[in-house]
Amino acid sequence: MEATGYRLIADEGELREAAARVSAAEYVGLDVETTALSPLDGRLRLLQLATPGGTFVVDLFGVGSLEPLRGVLEGGPVKVAHNSKFEYSFLKHECGIAVSPIFDTMLTSQLIAGGERGLSHSLEEVVRRYLGRELDKTVRAEDWSGDLSRRQLEYAARDAAVLLPLHGKLRRVLREEKLEYVARIEFAAVPSLAEMELAGIRLDRRRWRELERVVRERRDRVARELEAQLPQPEGVLPLEGLGPGINLNSPGQVIEAFRALGLDLPDTREWTLMRVDHPAAKLLLEYRELQKKLGTYLETYPDYIHPGTGRIHASFAQCRVPTGRLACSHPNIQQIPHEDEFRSCFVAGEGYLFVIADYSQIELRILAEVSGDEGFVRAFRQGEDLHRVTAATMFGVPMEEVTGEQRSAAKRINFGLAYGRGAQSLSAQLGTDEERARELIDEYFASYPKVQRYLQGAAEKALRQRTLRTLSGRVRKFGDTSGLDRKARSALRREAMNFPIQGSSADIAKLAMIHMRRELEGLDARLVNSIHDEFVVECREEIAGEVAERVRRSMLRAGETLLRRVPVEVEVAISPEWRK
DNA sequence: GGGCCGAGCCAC
DNA sequence: AAACGTGGCTCGGCCC
């Protein structure tokens, strides 16, 4: 790698001069070094700006304020960054600067990869893949809070400088691969995600603790009843209430205990236990549910409350999921149990309310759109109850005469097909035999012939052309499909049928987040959670009505941008708690 | 003590 | 023998 020239900026005068030089550039590489990984816990130390004419390394412990750079960072040249959510978050939180416009080389690499597994998207790997250069990343782990070595400064400058040739290369690839539109969506969504993380969400600690106590009592009671049913393991004296007993969380020990009862289990999954006719099996299922709630949610979530803000700041990964859905972690606030007793512990702050908005049946609307099936499209256009219409057509009865059971079967098929579900699994869910399930599917496809044609077409295309796209052009690439066994082939077919539907839904959700941020700008209102087709916005109580309308408008606009033949519907609720 | 993996299960 | 797409988290159980 070539020697890196850079200029260290250590006072305000030099910074103003640098800002003037940088503002003339069309693209600048942007990178920061920080004293911690979260802006809530650490500070910016260095800010690097790379232009074709040279790289500036700004020492924030020297300049004090980045105000002279505001004009460069907000508007002005395109800022090229790798994982720009990081730069955005620090600059927004620490300086109130909203970086824009953005070109993100990590998101670009992820879009181009199309969900292929095993590809790293670290700067080091992406530079190796697209530029054929080696970057030494060993300096990153060093301490950035004290005096900086020459090596550290060079490293910092080089990381920013490499973004320019990388951008040049990736821009060409984006164009060749027809990914420019979806890339624009991703880049524009970065501020929405960053600000959602910074905002965090409030968990009512007292109510959560109370719920924990109740659930723990229930669990302990079930555990005692269950242990009374199971034989004690050998070599353990049955000391009352003191025994180590068996570990109910260990599938191995549970299988052993059931064997002693004369029940041979292949595994201890829910599906297996459900059909075991023994009170211990029912108790174990009950125990599992309570243990899951306790261990995964109740005991651990309070640890995520940030001491500084008193709120939970989860992280959202923008392009980690091949379909384009967000992934959430630390903790995952997309998987809170749906029951009100859990969700209602997430509350708006004092004087604030939640606006909770979700898309109604968005994936089925997408299926209608992409398949173009007239019956399906008509049902949505006329605002009918789709499951009822489906049942009426499938079973050949008038709408008014559809029974609850028929509607429920139709609903399960409607949803199942979007996941590529087959007769076998459908029969298990409906409690019919496989032949009957096959008949139902046939009747379904007879009612909606273009849906069948579409789904089969997607599966074939994945196998033959090995690439599929969503409505925004997001691509999913499938590896070599020639050597797959039957099982792997059918798994791939199912994935192929699902990808455009789930992926287009993610496209719409991301567009909605972009619109929403603009619609809410200047209001005391912000997005605090995003659960695929649902958004939770927190706002001052006085403006909740107005915010609800703006959220609805943003979501409808996003839906209508990508769905041209099918109407979009959004349901909005206002509540001090996260609940329906 | 940390890392890894499979089983199991929560969400959409 | 067994399920139906996308994830993340906790646990036991194993390794170094």
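Residue A/S505 is classed as having no contact, given no heavy-atom separation below 4.0 Å to the nucleic acid. Within 4.0 Å (heavy atoms only), A/R343 reaches sugar-phosphate atoms of the nucleic acid but no base atom.
Within the structure, salt bridge (charged side-chain N to carboxylate O under 4.0 Å, His left out) pairs that include any residue of residues 420-431 of chain A do not occur (at least two apart or interchain). Applying the ring pair (Phe, Tyr, Trp, His ring centres under 6.0 Å) definition to pairs two or more places apart or across chains, those involving residues 446-471 of chain A are A/F376-A/Y448, A/Y444-A/Y448. Among residue pairs with one or both ends in residues 443-459 of chain A, those qualifying as salt bridge (charged side-chain N to carboxylate O under 4.0 Å, His left out) are A/E374-A/K450; sequence neighbours excluded.
Residue A/D264 contributes atom CG, which lies 15 Å from atom C1' of C/dA1 at whole-angstrom precision. Atom-to-atom, NZ of A/K293 to P of C/dC11 comes out at 16 Å; the value is rounded to the nearest Å. A/I336 places its CD1 atom 11 Å from the P atom of C/dC9, with the value rounded to the nearest Å. The nearest whole Å value for the distance from the CZ atom in A/R288 to the C1' atom in C/dC9 is 15 Å. Nucleotide C/dG8 holds its P atom 14 Å from the CD1 atom of A/I333, rounded to whole Å. Distance CD (A/Q291) to C1' (C/dG12): 12 Å, rounded to an integer number of Å. For the pair A/E434 CD and C/dA1 P, the computed distance is 16 Å after rounding to whole Å. Going from atom CG of A/N249 over to atom P of C/dT10 covers 14 Å, rounded to whole Å.
Judged purely by distance below 3.5 Å, without hydrogens or angles, the side chains of A/Q406 and A/R388 never pair a donor atom with an acceptor atom. Between the side chains of A/Q502 and A/T323, a donor-acceptor pair is found at a separation under 3.5 Å.
For A/R288, the salt bridge (charged side-chain N to carboxylate O under 4.0 Å, His left out) test picks out no residue, with sequence neighbours left out. Legend: residues meeting side chain to side chain donor-acceptor pair (under 3.5 Å) with A/H338, ordered by chain and number and at least two apart, are absent. Scored by the side chain to side chain donor-acceptor pair (under 3.5 Å) test, A/H387 finds A/Q361, A/N414 as partners (sequence neighbours excluded). Residues passing the ring pair (Phe, Tyr, Trp, His ring centres under 6.0 Å) test with A/F316: none are found, sequence neighbours excluded. In this structure, the side-chain contact (heavy atoms from CB on, under 4.5 Å) partners of A/A223, at least two apart in sequence or on a different chain, are A/L248, A/Y287. Qualifying side-chain contact (heavy atoms from CB on, under 4.5 Å) partners for A/T296, counting only residues two or more places apart in sequence or in other chains: A/K292.
Remark: A/R213 engages A/E210 in a salt bridge, criterion side-chain N to carboxylate O under 4.0 Å.
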Shorter than 3.5 Å, N or O on both sides, protein versus nucleotides 13-15 of chain C: list them out with atom names.
residue	atom	partner	partner atom	Å
C/dG13	OP1	A/S250	OG	2.5

Interface polar pairs with nucleotides 4-7 of chain C, N/O, under 3.5 angstrom:
residue	atom	partner	partner atom	Å
C/dC4	OP1	A/S425	OG	2.5
C/dC4	N3	A/R421	NH1	3.0
C/dC4	N4	A/R421	NH1	2.4
C/dC4	N4	A/R421	NH2	2.3
C/dG5	OP1	A/R494	NE	2.3
C/dG5	OP1	A/R494	NH2	2.9
C/dG5	N2	A/R325	NH1	3.1
C/dG5	N2	A/R325	NH2	3.4
C/dG5	N2	A/Q502	NE2	3.3
C/dG5	N3	A/Q502	NE2	3.3
C/dT6	O4'	A/Q502	OE1	3.2
C/dT6	O4'	A/Q502	NE2	3.3
C/dT6	O2	A/R325	NH1	3.4
C/dG7	N2	A/Q335	NE2	3.3

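Close to C/dC9, at under 4.0 Å from its OP1 or OP2, lies no side-chain N or O of A/T300.
If A/T272 and A/G295 are placed on DNA chain C by their nearest nucleotide, the residue sitting closer to the 5' end is A/T272.
With a cutoff of under 4.0 Å to any heavy atom of chain A, the contacted region of DNA chain B is bounded 5' to 3' by B/dG8 to B/dC12.
One P atom belongs to C/dA1, the other to B/dG8, and the distance between them is 16 Å to the nearest Å.
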